[in-house]
Amino acid sequence: MELTEVLDLADKSGFSRAAELKVSTIDLNPQVRQMCADNKCKIYDTNWACPPGCGTLDECGKKVNNYQYGVILQTTGELEDSFDFEGMEEIKEKHNVSFDQLVNALFDKKADMLPLGDGCCSLCKKCTYPDEACRFPEKAFSSMEAFGILVSDLCKLNNLEYYYGPNTLTYVGCILFN
Ligand code: SF4
């Protein structure tokens, strides 16, 4: 697919920003991946798209190397204060809705893609992990952290801010494609 077409679809999906992601800037860092095993999110080992279900870091690296192009996607929102947990959830939900919409639009166009979201795959109400195979392996998405990506660094390397000022919060995802 053409980069301009994917950026156009991203704009229509409601993100605050979408920009080209140079695949060469992606660095898979074992320390970031280790944070998943610390299980602060409480979803480690519960989803095919999270570690260990999504494969080793080497296997993730091989998947990344299959792709030539990428887009980085951000949703920024404002919070009343740093304890506005409801506001945080709303921004996250908005980002996830946009992300699902873009993944589905690319899937409909038969795009060869690797989506990496903010948080684990949420395509099914309940993931089939570990008893049955993933229902939608072409669309399922891991988090960027599950692939060992330090999100703030990746934004910087692709000329995007990560922090947009006090009482703002930004969620980030990316999609690699050919
Ligand atoms: S598509 Fe469904 S089964 Fe597959 S990883 Fe996502 S939630 Fe799990």
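Given the structure is predicted, the values throughout are model-derived calculations rather than measurements. What's counted below: heavy atoms across the whole structure, side chains too, no hydrogens, waters or symmetry copies. Sequential numbering from 1 along the given sequence is applied to the chain's residues. All ligand and atom numbering here is 1-based and tracks the order in the structure.
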Contact list for residues 26-37, test side-chain hydrogen bond (donor to acceptor under 3.5 Å, both in side chains), sequence neighbours left out: Gln34-Asp38
Between Lys139 and Asn104, a side-chain donor and acceptor under 3.5 Å: yes
Distance below 2.8 Å from atom 6 (Fe) of ligand 1: protein N/O/S atoms: Cys121 SG
Pair Thr76-Thr170, side-chain donor/acceptor within less than 3.5 Å: yes
Polar contact flag, side-chain donor to acceptor under 3.5 angstrom, Glu2-Tyr69: no
Polar side chain donor-acceptor pair, Asp112 to Tyr67, under 3.5 angstrom: yes
Any donor-acceptor N/O pair, Thr128 side chain to Ala133 backbone, under 3.5 Å: yes
